[in-house]
Amino acid sequence: MIADRARFRHAKKLERLAGYRLPELAFSGTMLEALCSRLNYDALDFGVRDRILAFFDEFLRCNCKDSPLCGCPEKKFAQKVIELRKNGLDHRQIAAFMLDEYGIEIFPADVLSFLEESVHVLEAISDVARLQGRAELAKKTDDEIRLIER
Ligand SMILES: [Zn+2]
């Protein structure tokens, strides 16, 4: 999971705010629950607060009963990486975007291997779709692959 590679640059500040130990991993259960526990975000400096709130808005808004431990945040993060790639950003630019936008540190190499894995998964889907005579799904999947690979 790509989300397991994401760390908060300002995890220490969040830890001080929460008053208990927090892991650096942005999508660890402990961190997600801390973020949802009404921390006093106003105590953070403006740039950090902005990024944490952007993270919250982008990845932590869902209506699942067991949110934020429902798996949606991790899925949304993976989708966001794919979306950025489709918009033409390369793995380095995606890593830079995550840091700038959400204060998330992720290695470009991890982004790259995730994108490669995603292509392999899509290729498998495309093969199966073709075997099953589902030409439309196969074509849609191939288009998706092309957008990630270009
Ligand atoms: Zn959810």
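By convention here, the first residue in the shown sequence is residue 1. Not measured: the values here are computed from a predicted model. Read the numbers this way: they start at 1 and go in the same order the structure lists the ligands and their atoms.
- Residue I2 comes nearest to D110 through the heavy atom pair CD1-O, 3.6 Å, listed as atom of the first residue, atom of the second, then distance.
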Check the pair F8 / Y102 against ring pair (Phe, Tyr, Trp, His ring centres under 6.0 Å), numbers first and verdict last.
CA-CA 8 Å; F8 271 130; Y102 311 114; 9.3 Å; no

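- Take N40 and apply the side-chain hydrogen bond (donor to acceptor under 3.5 Å, both in side chains) test, not counting sequence neighbours, and it matches no residue.
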Could you give me the CA-CA distance, side-chain angles and deciding distance for K12 and E15, then say whether salt bridge (Lys or Arg N to Asp or Glu O under 4.0 Å) is met?
CA-CA 5 Å; K12 283 281 163 240; E15 184 172 286; 3.5 Å; yes

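- Screening L89, L99, L112 for a side-chain contact (heavy atoms from CB on, under 4.5 Å) involving I94 leaves a single residue, L89.
- The shortest heavy-atom contact between R85 and I148 is NE-O, 2.8 Å.
- If you count the protein N, O or S atoms nearer to the Zn ion (ligand 1) than 2.8 Å, you get 4.
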